[in-house]
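In the text below, chain A, chain B and the rest are named by the order of the sequence lines, each starting its count at 1. For clarity, every value in this text was computed on a predicted model and none was experimentally measured.
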Amino acid sequence: MTQSDHPLLKGLTPPQREAVMHAGGPMLVLAAAGSGKTRVITRRIAWLIQSGAAPWSIMALTFTNKAAGEMRERVTELILGPAPEDADPESPRFVRGLTVTTFHALCARLLRRYAEEANLPGVKPDFTIYPTSDQLAIIKQAVKDADLSTTNWAPRSVLSAISAAKNELVTARQYEANAVDFYHKTIAKLYAAYERGMHRAGAVDFDDLLLLTATMLRDNASIRGACQDRWRHLLIDEYQDTNKAQFEIARLLAGDGRPADELADMPGVEADTSTRTGPDICVVGDPDQAIYGWRGADLSNILDFETQFPGARVVKLGQNFRSTAPILGAADTLIKRNKQRKDKPLFTDRDGGERVTAVLCRDEHHESNLIADWFTNLHENAGVPWREMAVFYRTNALSRVMEESLRTARIPYVIARGTAFYEREEVRDALSYLRVVANQADDVSLGRIVNKPTRGLGKTSLDRIALLAGREGLPMFEALRRAPETGAAPGAVKSAARFVQLIDDWTGAGSFMGASVSGTLAELVGRVIDESGLSAHYRKVANASGAESDEERLDNLDELVSSARDFEAEFDPLADPIADEADPLDMDAPFDPDAEAPAVPVPPLLAMLRAFLESVALVADADATDPDQGAVTLMTLHAAKGLEFDAAAMIGLEEGLLPHSRAFESEAELEEERRLAFVGITRARKLLHMTSARYRTVRGATERTIPSRFLSEVGTDHVVTSDQSDAWDDVDQTTDQPRERSYDRGAAVRGDLDRVREQRRQISATASDLAREEYPEGCTVRHPQFGEGRVMRVMGGQHARAVVRFASVGEKTLVLEYARLRRVR
DNA sequence: AGAGGCAATTTTTTT
DNA sequence: AATTGCCTCT
């Protein structure tokens with residue numbers, strides 16, 4: 001078989017092949033948007049394995065779980081072949097020992113495994129990962145303790161200062177040493193206090209995961225050595241988004257590479273030995289898609305790669321296989337405006353394709369209706385599946401109006417907000433209980449649930465107990481045990497004892513790892529939700545008001561149990577980068593893709609709980625996009641990176657939104673905004689709509705807007721612009737009030753004004769019929785506040801109304817347009 | 001102690 | 001508009 005016939009090289013361009021086959025040593029793949037970057041990485045991993053590299057010697061790092069999951073899946077298919085139809089979902093297919101994960105998840109695992117050995121200050125293996133909201137709680141306390149006002153020292157900005165420092169690998173001590181003025185000295189003080197608070201709670205934050213891992217690898221030769229011995233091949237995706245800490249981790253993991261002779265027997269490799277030195281680190285990225293400068297990403301990591309890894313091979317992938325020529329043309333014209341940029345070709349060999357459209361709309365409702373109609377049209381007339389459509393926006397707030405329009409148009413949609421579920425009050429409460437179970441020093445979580453549902457532990461008593469905790473340097477939970485000493489009210493003391501007993505029951509009084517607490521993770525989660533009184537609490541509320549939100553809360557708690565069950569079922573101990581501890585891999589055995597996975601001892605419940613909480617802490621918004629869903633996807637431009645759709649809409653192209661007003665100050669940030677727009681444009685395969693609204697209501701105030709500079713910067717060769725913002729008079733001149741906002745939406749897309757006017761005349765006439773059709777008398781509906789009710793009467797006219805009799809509040813007359821009614825059953 | 005109401009305030013993006 | 005925090009009332 002000649003090389004080019006190799007199945008892993010099939011259909012690849014010469015530069016893609018070069019990257020896949022690269023013999024080893026540092027390599028930088030500059031991959032333009034849509035140039036088959038993921039393909040190259042996955043094929044390279046498969047290539048390495050087929051060339052004799054052990055799967056467990058390969059590590060691929062991504063930024064989101066979703067990207068990691070997809071990569072893992074694609075490598076599995078390349079190695080094991082496509083999944084059989086009758087595949088047992090219970091026994092997941094995976095390439096044993098291969099590490100494909102996110103930076104953060106890798107760091108979490110490494111820290112749990114090595115924190116004790118490395119003797120990192122304040123980090124125990126049972127650490128909790130604090131999300132931003134919990135970080136803020138610690139900072140707020142630190143600000144208060146320092147007798148500063150949270151007005152002058154907004155926790156949010158203090159946090160970003162600390163975070164920025166951590167991303168630069170600056171510790172609290174170093175920060176203090178460098179602080180010269182009052183501001184920096186104060187931040188230094190707060191940084192130190194924050195660290196103390198985190199240590200006390202046994203918590204680390206997202207930045208710590210990276211910082212501590214980098215420090216650990218740097219300062220501890222034996223741990224570094226162990227990692228370098230294990231992972232000989234390192235691949236990093238989206239390298240343009242790495243920050244200094246991530247660069248350090250990559251550099252330390254890559255080490256100095258292996259002796260050249262280890263590579264000598266790789267088949268299909270050119271006899272070019274000059275490239276066979278240095279660490280086998282392969283990074284893939286595109287400087288034009290760098291959009292995370294604000295969280296410390298450092299473009300010099302990719303720009304200076306050749307300096308940092310001497311002798312690096314550079315492969316450029318410029319040919320785009322994704323988008324039509326007009327879309328690429330628009331993207332290219334736009335990105336050329338950036339001054340801080342190495343120009344690189346972006347080309348396709350395909351002709352044709354529809355031009356990009358830019359539409360200036362009247363307001364955000366017009367805008368979202370326009371998109372909804374476009375989608376409907378594509379779906380019904382062009383047969384484009386819903387899942388091939390997406391809406392991108394700069395800020396999450398823009399999703400709301402879009403949702404409304406999609407709902408009205410009965411278009412199925414999903415919002416890519418992976419974290420949303422875990423941010424819900426009831427879910428956070430349940431997780432807080434679980435986190436206290438996993439780590440009893442977690443004071444922030446404890447504080448949230450110690451009296452929820454209320455169990456007679458009020459502020460006064462808790463303050464007294466907190467005093468004891470502060471005096472003796474105890475975690476709150478320990479202080480609760482000693483409540484009798486605090487002189488708290490007898491009732492409160494009793495409550496404290498009951499609470500302590502509750503937690504102790506779940507943990508087997510600290511003997512968690514023993515056999516005293518058995519069962520599955522899902523059982524534990526269910527038990528905690530139940531015995532904590534949370535479910536009873538919400539059930540009571542739900543029964544009392546019948547409101548949707550409370551029923552929903554119960555459902556969400558159930559869903560948390562199911563997600564625990566799923567996690568347990570899918571938990572793959574061998575996918576764990578440190579699995580070799582629990583189940584030593586036979587490093588010398590030849591890799592056999594068909595070998596049965598060995599029976600792995602079920603991890604103890606506590607380990608499972610920690611792994612579950614960790615996975616929950618590390619979910620990304622982008623993880624929530626599910627390509628199998630038959631639904632339009634709504635997401636931020638940031639979450640869109642790495643994805644592609646047949647038809648995409650970018651909304652809110654206005655000065656202040658995209659580019660965002662916070663970026664006006666600096667040229668560098670403006671260029672990042674431009675890259676963000678570039679990322680959005682290049683997500684579209686065939687059709688792209690860009691819209692801007694003449695008026696937009698933000699935080700309750702309607703403002704006149706200015707169309708984004710990017711709309712003109714995409715040029716006119718590939719883009720058709722139409723101004724529909726004044727296609728009709730929407731304001732009644734006599735009262736200066738807006739008239740009912742209705743227009744023919746299909747016609748608006750086509751810009752057919754006569755039809756618009758005709759349709760408008762008809763709309764009010766048919767409104768009542770439509771309303772009756774949608775809400776026939778006697779049907780049951782649900783209102784977000786009032787709960788379920790029965791429709792008694794429907795009235796038409798300009799603002800169709802319905803009289804609804806609610807169980808909770810009696811009869812109400814609701815304007816259908818505004819009352820977010822939903823039919824039940 | 002705890003719930004509910006009112007006022008103030010708003011990081012844009014995320015692991 | 002919506003969330004969050006503070007304060008009052010029961």
Exercise. For B/dT12 and C/dG5, measure between their C1' atoms and round to the nearest Å.
Key: 23 Å

Quiz item: Counting only side-chain N and O atoms of A/N243, is one of them less than 4.0 Å from OP1 or OP2 of B/dT15?
Solution: no

Quiz item: Once you round it to whole Å, what is the distance between P of B/dT15 and OH of A/Y422?
Solution: 13 Å

Practice problem: Round to the nearest Å and state the distance from A/D623 atom CG to B/dT15 atom P. | Solution: 7 Å

Practice problem: Establish, with yes or no, whether the OP1 or OP2 oxygen of B/dT13 is under 4.0 angstrom from a side-chain nitrogen or oxygen of A/R675. | Solution: no

Quiz item: Sequence neighbours excluded, which residues qualify as side chain to side chain donor-acceptor pair (under 3.5 Å) partners of A/T691?
Solution: A/E367

Exercise. Name the closest nucleotide to the A/A620 side chain, picking from B/dT15, C/dA2, B/dT12.
Key: B/dT15

Self-check item: Between B/dT13 (C1') and A/R295 (CZ): distance, integer Å
Solution: 9 Å

Quiz item: With centres under 5.5 Å and planes under 30°, do A/W294 and B/dT12 count as stacked?
Solution: no

Self-check item: Distance below 4.0 Å between A/R699 side-chain N/O and C/dT3 OP1 or OP2
Solution: no

Practice problem: Name the nucleic acid region contacted by A/D207, choosing base, sugar-phosphate or nothing; use a 4.0 angstrom heavy-atom cut-off, strictly under. | Solution: nothing

Practice problem: State, to 0.1 Å, how close A/F678 and A/D288 come at their nearest heavy-atom pair, and which atoms those are. | Solution: CD2-O, 3.6 Å

Practice problem: Mind calculating the distance between CD (A/E425) and P (C/dT3) to the nearest angstrom? | Solution: 12 Å

Quiz item: Rounded to whole angstrom units, what separation is found between the CZ atom of A/R417 and the P atom of B/dT13?
Solution: 7 Å

Quiz item: Which part of the nucleic acid, if any, lies within contact of A/Y292, taking any heavy atom under 4.0 Å across all strands shown: a base, the sugar-phosphate backbone alone, or nothing?
Solution: sugar-phosphate

Quiz prompt | Sugar-phosphate only, base, or nothing, as touched by A/K452 at under 4.0 Å among non-hydrogen atoms | solution = nothing

Quiz item: In residues 654-666 of chain A, which ones come under 4.0 Å of DNA chain B, going by heavy atoms?
Solution: A/H660, A/R662

Exercise. Would you kindly compare A/T395 and A/L618 by the position of their nearest DNA chain B nucleotide and give the one closer to the 5′ end?
Key: A/T395

Quiz item: Partners of A/T395 by side-chain contact (heavy atoms from CB on, under 4.5 Å), sequence neighbours excluded?
Solution: A/A397, A/L398, A/L657, A/H660

Quiz prompt | Contacts of type side chain to side chain donor-acceptor pair (under 3.5 Å), residue A/T171, not counting sequence neighbours | solution = A/Q174

Quiz item: Can you name the salt bridge (charged side-chain N to carboxylate O under 4.0 Å, His left out) partners of A/R295, sequence neighbours left out?
Solution: none

Just the table, please: protein N/O against nucleotides 1-8 of chain B N/O, every pair under 3.5 Å.
from	atom 1	to	atom 2	distance (Å)
B/dA1	OP1	A/S461	OG	3.0
B/dA1	OP2	A/T460	N	3.3
B/dA1	OP2	A/T460	OG1	2.2
B/dG2	OP1	A/G456	N	3.2
B/dG2	OP2	A/N451	ND2	2.8

Exercise. Would you please name every residue forming a side chain to side chain donor-acceptor pair (under 3.5 Å) with A/T242, sequence neighbours left out?
Key: A/N301

Atom pairs, protein N/O to nucleotides 8-10 of chain C N/O, distance under 3.5 Å:
none

Self-check item: Side chain proximity check, A/Y183 to A/W153, heavy atoms < 4.5 angstrom
Solution: yes

Quiz prompt | A/D205: salt bridge (charged side-chain N to carboxylate O under 4.0 Å, His left out) partners, not counting sequence neighbours | solution = A/K166

Quiz prompt | Interatomic distance where CE belongs to A/M650 and C1' belongs to B/dT13 [whole Å] | solution = 14 Å

Quiz item: Whole Å only: how far is the CD1 atom of A/I291 from the C1' atom of B/dT15?
Solution: 13 Å

Practice problem: For A/I706, check side-chain contact (heavy atoms from CB on, under 4.5 Å) against everything at least two apart and list the hits. | Solution: A/E655

Self-check item: Intermediate values then yes/no, salt bridge (Lys or Arg N to Asp or Glu O under 4.0 Å), A/R400 and A/E364
Solution: CA-CA 10 Å; A/R400 181 161 256 118; A/E364 67 269 26; over 6 Å; no

Exercise. Report the distance from atom CD of A/E703 to atom P of C/dA1, rounded to the nearest whole Å.
Key: 14 Å

Quiz item: A/S163: what forms a side chain to side chain donor-acceptor pair (under 3.5 Å) with it, not counting sequence neighbours?
Solution: A/D207

Exercise. Taking the side chain as every heavy atom from C-beta outward, state whether A/R435 and A/D134 have any atom pair closer than 4.5 Å.
Key: yes

Quiz item: Of all the nucleotides listed (B/dT15, C/dG5, B/dT14), which has the minimum atom distance to the side chain of A/K140?
Solution: C/dG5

Quiz prompt | Partners passing salt bridge (charged side-chain N to carboxylate O under 4.0 Å, His left out) against A/K459 (at least two apart in sequence or in another chain) | solution = A/D463

Self-check item: Any A/T132 side-chain N or O less than 4.0 Å from OP1/OP2 of B/dT14
Solution: no

